[in-house]
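Written out below as structure tokens is the structure these notes cover.
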Number of protein chains: 2
Amino acid sequence: MTWTSSGARRGATMTIKELAERVGVSPAMISRYLNNGYVSEENRAKIAAAIEETGFTPSRQARNLRTGKTSLVGVVVPKISTETIGRVTAGVEEVLGRQGYQMILGNTDNDASAELDYLRLFERYPVDGMILVATEVTPAHERFLRESKTPVVVIGQRVPGVNCVYHDDEGAAFELGRRVAEKRPGASAAMIWVTEKDRAVGIERRDGMLAGLATGGIEVPDARVRKAAFTTASGYEQTHLLLEDPATPALDLVCCATDLIAAGAMKAVLERYGEPAGTGNAPLVTGFGDNELAQAVSGGFPTVHLGNRTSGVRGAEALISLMENPRTMPASTMLGFRVVNA
Amino acid sequence: MTWTSSGARRGATMTIKELAERVGVSPAMISRYLNNGYVSEENRAKIAAAIEETGFTPSRQARNLRTGKTSLVGVVVPKISTETIGRVTAGVEEVLGRQGYQMILGNTDNDASAELDYLRLFERYPVDGMILVATEVTPAHERFLRESKTPVVVIGQRVPGVNCVYHDDEGAAFELGRRVAEKRPGASAAMIWVTEKDRAVGIERRDGMLAGLATGGIEVPDARVRKAAFTTASGYEQTHLLLEDPATPALDLVCCATDLIAAGAMKAVLERYGEPAGTGNAPLVTGFGDNELAQAVSGGFPTVHLGNRTSGVRGAEALISLMENPRTMPASTMLGFRVVNA
DNA sequence: CTGTTAGCGCGTTCAT
DNA sequence: ATGAACGCGCTAACAG
């Protein structure tokens, strides 16, 4: 390791000490300049000039080690590349940015174990707070969430005893089902749903939909509730199988757990009937989430707008209170919804 | 600040020193256990047991400060919530994960100045390497990229003198234009394009498209090349204006800079003609990027598949070489493409 | 207002 | 094979 006696630069980065030497003050002086204030106008000017000249920036590393604060929030998401997640993080970032926090993301690509890895990474990185945009919440998740030394807020699932912001999935699905059933009384319906491991989508949203359809006299037999992954391809595949099944009476309605799945269903319907879903004899397809792209291309199909952006905002707000006062009582917030095209 | 004399835990986290006390060895021993190895079988077992019992994890903070290494790569993206970005980061993560690196994301929401903020954050956090998924590359960007002390790779734009991986936007657009023009000779065409600040999309892709169409005898007057933002809503708006313009002879073809924009165009066409783009009298809409959702819902429209995932893979590979040997010569890689539905 | 002192939690000599 | 001592870059507490 070599450096010049002028202390200008070593390797690449400059330290507060070197800068102090250069200016002719103590390192603490520089530190105060950077933080509290307590510096004479004269020194203030000299330091400012030296910083300008050298391009010095303090090491967050060392600062964080010393202060135990990072002004960083880690957000763990199951997937980037969906509108839903994009809206949530936009809401989170809006609030965080205003308060001087920066957000870093960990993407798990729908791998529940990777979620815990990221949470632990963030906890030890460390960040000041964490947000988990949740899908499957395992016992291991719950344990971690409750025992975490770093404040954490869950978005998208209700977890008892943990700070969380979630949607009224059951209520929304019920309302969507009810309205669709009202317009198509006695329709022959199927559902393309997802794993029950995702409680909000796999259970609550499903039960709400079944109940909503039932109020309009539509019963969906178990055999017509099929499981798909959270992808367009999977929605296509399951719908295709359903439509090709010779034992199946003609379908009037295919309700899907998400808009991504609905997109796949629409593709299958279009291929099978030669006309878009909801026109002519082709069954109507419903979704969930109000995906802008899908709405535009399709010209509009029944779905639900959930206010994902708001969930991000509320989640970030809750996290900030928690970071400022870690003893804040856990709270859960349920957001409303808006049915679209039904 | 209080802690028990057994040294088990203070406040929240445990340190290497406390663990050492508990086991009855020196802190250095624990450190060696965690890193080099130089530990007797006997102590190894005792330490392993104590770690298991306490759930101890070393502070990355302190380790990083000491070693100057983080095993972390920062990726700056212009947008989360698009399939394109999702594919790139999936490719990046695949390679990085295999090599023991973790990836953290910074999302700028299409704000070019935020890009530099994030790069600087990462540089000083620090991370071992950075990837910029670029859109607009300003002189400030170029300066930063060239002078960065942390290895950095650019994906999506060609930047001379900087390590980068990009697509053959011009070639792809040319080929798409050529094929479409071949099937619709003499078509009356318009283009919905984007800012020239994004060189790859705004200039190269546009020029390729114009040239490709021209080979089939289709000339697009300047007045029919309209600017949109990178959104579905903006694509809708511009197309709507175009279709409503009474001075405009009926259009046969609307070529768009991206699939998101194309989705908006399709919505406008559907509203205006009462039938989906490309059917009956409704003009054909082309896109760029092979968005899965849009393809499914529309039943297929001409577009280009760019291999975004591959760009992520190649970019990450380049970054790893760079991190292992910072003196590696800068290289730029151009990837191929595949025209879809044309 | 300013400088000195003492760590934050680790990894790394250099002795033993 | 092991432990003592030191330092990474910074900030908090104290003295002046």
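Residue numbers begin at 1 in each chain, while the letters A, B, ... track the order of the sequences. All values reported here derive from a predicted model rather than from experimental measurement.
Every residue two or more places apart in sequence or in another chain that forms a side chain to side chain donor-acceptor pair (under 3.5 Å) with B/R314 is listed here: B/E317. Scored by the side chain to side chain contact (heavy atoms under 4.5 Å, CB included) test, A/A318 finds A/V153 as partners (sequence neighbours excluded). Qualifying salt bridge (charged side-chain N to carboxylate O under 4.0 Å, His left out) partners for A/D117, counting only residues two or more places apart in sequence or in other chains: none.
Heavy-atom distances under 4.0 Å link DNA chain D to B/S26, B/A28, B/M29, B/R32 of residues 26-35 of chain B, given in residue order. The stretch residues 39-46 of chain A touches DNA chain C through A/V39, A/S40, A/N43, each having a heavy atom under 4.0 angstrom from the strand.
Distance A/E18 CD to D/dG9 C1': 10 Å, rounded to the nearest Å. To the nearest angstrom, P of C/dC10 lies 11 Å from CD of B/Q61. The nearest whole Å value for the distance from the CD1 atom in B/I47 to the P atom in D/dT2 is 8 Å. Atom NZ in A/K69 sits about 12 Å away from atom P in D/dA12, given to the nearest Å. Spacing between atom CZ of B/R63 and atom P of D/dG9 amounts to 18 Å, rounded to whole angstrom units. Spacing between atom NZ of B/K17 and atom P of D/dC6 amounts to 15 Å, rounded to whole angstrom units. Atom CZ of A/R124 and atom P of C/dC10 are 6 Å apart (whole Å). Put simply, CD1 on A/I16 is 8 Å from C1' on D/dT11, counting in whole angstrom units.
Checked against C/dG3, C/dC1, C/dG9, the side chain of A/L65 finds its nearest nucleotide in C/dG9. Taking only side-chain atoms of A/T67, from C-beta outward, the nucleotide of C/dC10, D/dG9, D/dA12 with the closest atom is D/dA12.
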Which donor-acceptor pairs under 3.5 Å do the side chains of residues 69-76 of chain B make with protein atoms, sequence neighbours left out?
residue: B/K69; atom: NZ; partner: B/Y101; partner atom: OH; Å: 3.4
residue: B/T70; atom: OG1; partner: B/L72; partner atom: N; Å: 3.3
residue: B/T70; atom: OG1; partner: B/D128; partner atom: N; Å: 3.3
residue: B/T70; atom: OG1; partner: B/D128; partner atom: OD1; Å: 3.1

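Considering A/I51, A/I47, A/T15 in turn, A/I51 is the only one that fulfils the side-chain contact (heavy atoms from CB on, under 4.5 Å) rule with A/F56.
A donor-acceptor contact under 3.5 Å is formed by the side chain of A/R66 with the base of C/dG7.
A/D109 places no side-chain N or O within 3.5 Å of a backbone atom of A/K79 that could act as its donor or acceptor partner.
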Where do A/D198 and A/Q157 land on the side chain to side chain donor-acceptor pair (under 3.5 Å) test, with the steps shown first? CA-CA 8 Å; A/D198 184 323; A/Q157 299 280 344; 2.6 Å; yes
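Contact check on B/E83 versus B/R87 returns a salt bridge, with a Lys/Arg side-chain nitrogen under 4.0 Å from an Asp/Glu carboxylate oxygen. Ion pair B/E94/B/R98 flagged as a salt bridge, since at least one NZ, NE, NH1 or NH2 atom sits closer than 4.0 Å to an Asp/Glu carboxylate oxygen.
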